[in-house]
There are 4 protein chains.
Amino acid sequence: MTDMSVIMGKFMSRSNKLTSRDRLVRAAIEVFGTRGYHATRVSDLVSHAGVAHGTFYLYFDNKEAIFLYLVDDFFTRLQNQTLDRFPASAVANTGELNAQLLEMWRSILGHCRCEPFLTALILRESYAVSLASRTRVEERFAQTITSIGTYLKELAKRGIIRGSVTDASAWGILGLIERAIHYAVVVNPEAEVDTLAHEFLQIELNGLLGDREGLGAA
Amino acid sequence: MTDMSVIMGKFMSRSNKLTSRDRLVRAAIEVFGTRGYHATRVSDLVSHAGVAHGTFYLYFDNKEAIFLYLVDDFFTRLQNQTLDRFPASAVANTGELNAQLLEMWRSILGHCRCEPFLTALILRESYAVSLASRTRVEERFAQTITSIGTYLKELAKRGIIRGSVTDASAWGILGLIERAIHYAVVVNPEAEVDTLAHEFLQIELNGLLGDREGLGAA
Amino acid sequence: MTDMSVIMGKFMSRSNKLTSRDRLVRAAIEVFGTRGYHATRVSDLVSHAGVAHGTFYLYFDNKEAIFLYLVDDFFTRLQNQTLDRFPASAVANTGELNAQLLEMWRSILGHCRCEPFLTALILRESYAVSLASRTRVEERFAQTITSIGTYLKELAKRGIIRGSVTDASAWGILGLIERAIHYAVVVNPEAEVDTLAHEFLQIELNGLLGDREGLGAA
Amino acid sequence: MTDMSVIMGKFMSRSNKLTSRDRLVRAAIEVFGTRGYHATRVSDLVSHAGVAHGTFYLYFDNKEAIFLYLVDDFFTRLQNQTLDRFPASAVANTGELNAQLLEMWRSILGHCRCEPFLTALILRESYAVSLASRTRVEERFAQTITSIGTYLKELAKRGIIRGSVTDASAWGILGLIERAIHYAVVVNPEAEVDTLAHEFLQIELNGLLGDREGLGAA
DNA sequence: AATGAATGAGAATTCATTCAT
DNA sequence: AATGAATGAATTCTCATTCAT
């Protein structure tokens, strides 16, 4: 249903027959993402994947394990395709920052648009699966915050953004990104990614008041 | 029916003996907020509340019903204490906006700090309880978005903020607020509300680049 | 709803206000008779009767007790109004037997038509309430069989009916009566009692073949 | 799906190991038939059948479902072995009717004697399990009445029995049959089926007065 | 590698009954 | 005599997990 290569991140040329494991992962993304983790029974997963109950336990220790796999996979791929590709060191001035962040927004929103089920699942349920998985998810978010924080501090140090950014700011930016993704994927999946990228970039860089100079000029 | 003791977190003046329903609501906030909704059994709730199993079903249809009550109650009170008290119409210029939003941030963060369990519960699990409750929660968030959107459009119309704010912007601001609350309540519950309010206000109004004029002046 | 004097078997002139006990008995007949014993909760009984839960236990030991009261009451009254009023000794020949049994059928069907709820309840559920109440009901039916058997043997002894009637016959007649009542009360409550009485009497006395002499004459 | 072992009360030839479903059906017949439906817990069923709780729900939706299965099965088999095998069309005169009905009585009583638990269960509790099952049982009895009625009308049309038989008569005959079965299975399980068949046939055809001609002759 | 019938611990929910007022 | 909030034992049902094949 969704593009295979994106979901699996693997080559699929050898055989057009998916392995049982792949089928289970795909089923989990779709069913968890639609019904929610807790409303999904292992039997839903296996029937959706077209495999037997026992087969599930051949590849995953338990229901939580496949969820955790999805989370790790999601965060890893998102990180690779976004922050890792856009180092603060490559930015010399406001104009370049503008360009880089625009690209980053495009990348994030585009990526999440490609896997709407998984994205919605992570946004909605990542904290709510179990105490154990909450801890794992908190670690992942903490890493993200560190990445964002490091990025921002680097820019601040070099005077490209204001100097007063802190960890709190990083959390705020994270929230902005999360709901931006939510908007792009869930609320308004028809909207152009480019338009949205500009819109959220504007808030990120200039807030509600917007570019003072532009405003002054107007 | 509305129980001040629960809402205010204070003892009632008439009698220092809480009703069974009050005890259950308090227990739910604490236990759901700590262990999470799904890891909480009705038996945890009643033992925490010090009432019998049957008593729970005297006041709530099921586990989901008490959660939904908490959600509605939370949103209603938060709305009352924030957006409802700060109309866009009372703002004439950037300075007044600054003051009003600062007050709003203080109010939101202060309010959520007072009920950390319930706040954390809503932030983490509101979407993940059940399909039915997800719908309810989505409605509540949709209302919030409408409030924020209306507020912003009013300000934009009067030229106090930039004219390009949209629904997407409202969702972005919502995300900022959510993670700001998360930071203030969960990540850094020791931080001064006032400091945080200034910090998030800065992002909200001026973004990462900050006040251009100030920046220029520096 | 149903005629009070019939249901209560008491005078009601002193006060038009029913006692709590009476209200409970009436409610039990109606609600047990409609919903069935097991689907009826004590709370249905008391809410239907307009009294409090505790009041129920002032008059009856438990839910089964009120059912048993209804059963005893029903059988006693039916016995009084039927077999007790029509002794075999009063019958001298076939013609008189015909007349007496017709009257008995009228009496039975008429009586049961007056309390359709209670009648349906007894017919449908008397054996199914509990092991204890089954025993009680079996005793009541055994008494009825004894009465019928005695009646038949007396007639047989005096050559008014055929000599070969046994206990088995008595049970067969009981079945006929039960389903006759069922038909008159449940299946076809509009049919004339008189017509039905003739019809069932015909089966009782002459079976399916009918009166041989009459048949021969025809 | 149909399980001969249960139906026939015999061991299957292929394998002497009953399936879980068979074991549950057998247990249900025995335990429901002894203790009664409402006094029987699902846990009684499974412990009697020697399977786990979960296994029960693998084969039946709930306790009511297995009861309904028993009812349908019972009625179907009884119908097949009685009315379906004895068409009114095969009867030409009173003598042949006598012979056919005698055979039918033998068949019914013999059949019910072979499954005393199930028979007693149906006779005692079929109406009392739940509102839903009452409806189902009423449908089954209505079908039976239709069968009996059709049979009787055919005979009446051809002058073999008296012309005045109606639906009411069919219900009366049904009652006679029910209590005859009850007598043969519950009250006097030692009595010879043949004797009983003659006895009930006598009532069915000639009623209490008996064969007029024979009586006159005597 | 795959199966799927069987398991049983564990959870939600009900409702007859009590008892302090 | 009447009340009705509170009780908690009892029961149904679910579903993640196992294991013999």
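Proteins come first, then strands; the chains are lettered A, B, ... in the order of their sequence lines, and each starts at number 1.
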How long is the line joining OH of A/Tyr57 and P of E/dA1, in whole Å? 18 Å
Just verifying a value: how many Å separate C/His48 NE2 and C/Ser43 OG, rounded to the nearest 0.5 Å? 12.5 Å
Paired with F/dA1: which nucleotide, if any, by Watson-Crick or G-U wobble criteria at under 3.5 Å for both distances? none
Measure from CG on A/Leu18 to P on E/dA2 and round the result to the nearest Å. 12 Å
Between B/Gly54 and C/Ala52, which residue's closest nucleotide on DNA chain F lies nearer the 5′ terminus? C/Ala52
Checking side chain to side chain donor-acceptor pair (under 3.5 Å) for the pair A/Thr76/A/Arg140: CA distance, chi angles, key distance, verdict? CA-CA 9 Å; A/Thr76 303; A/Arg140 285 307 218 153; 2.7 Å; yes
What is the distance, rounded to the nearest whole Å, between atom NE2 of D/His38 and atom C1' of F/dA10? 15 Å
Take atom OH of C/Tyr59 and atom C1' of E/dA16, then tell me their distance rounded to the nearest Å. 19 Å
D/Lys63 has an atom NZ; how far is it from atom C1' of F/dA10, in whole Å? 12 Å
Evaluate the side chain to side chain donor-acceptor pair (under 3.5 Å) criterion for residues D/Ser133 and D/Glu64: first the C-alpha distance (whole Å), next the side-chain angles of each, then the deciding distance (0.1 Å), finally the verdict. CA-CA 8 Å; D/Ser133 79; D/Glu64 198 183 343; 4.5 Å; no
If you only use heavy atoms from C-beta on, which nucleotide in E/dA6, E/dT3, E/dA1 is closest to the side chain of A/Thr55? E/dT3
Please state how far atom CG in A/Leu45 lies from atom C1' in E/dG4, giving the value in whole angstrom units. 16 Å
Find the distance C/His53:NE2 to F/dA2:C1' and express it as a whole number of Å. 14 Å
Please state how far atom CG in C/Leu24 lies from atom C1' in F/dA2, giving the value in whole angstrom units. 12 Å
Select from C/Phe56 and D/Phe56 the residue whose nearest nucleotide in DNA chain F is closer to the 5' end of that strand. C/Phe56
Report yes if the side chains of C/Leu45 and C/Arg41 come closer than 4.5 Å at any heavy-atom pair, otherwise no. no
Of the listed nucleotides (E/dA2, F/dT17, E/dA12), which one gets closest to any side-chain atom of A/Leu58? E/dA2
Could you pick out which residue, A/Ser20 or B/Asn62, lies toward the 5' side of DNA chain E when each is mapped onto its nearest nucleotide? A/Ser20
Out of D/Phe117, D/Tyr69, D/Tyr37, which residue meets the ring-ring contact (aromatic ring centres under 6.0 Å, His included) rule with D/Phe32? D/Tyr37
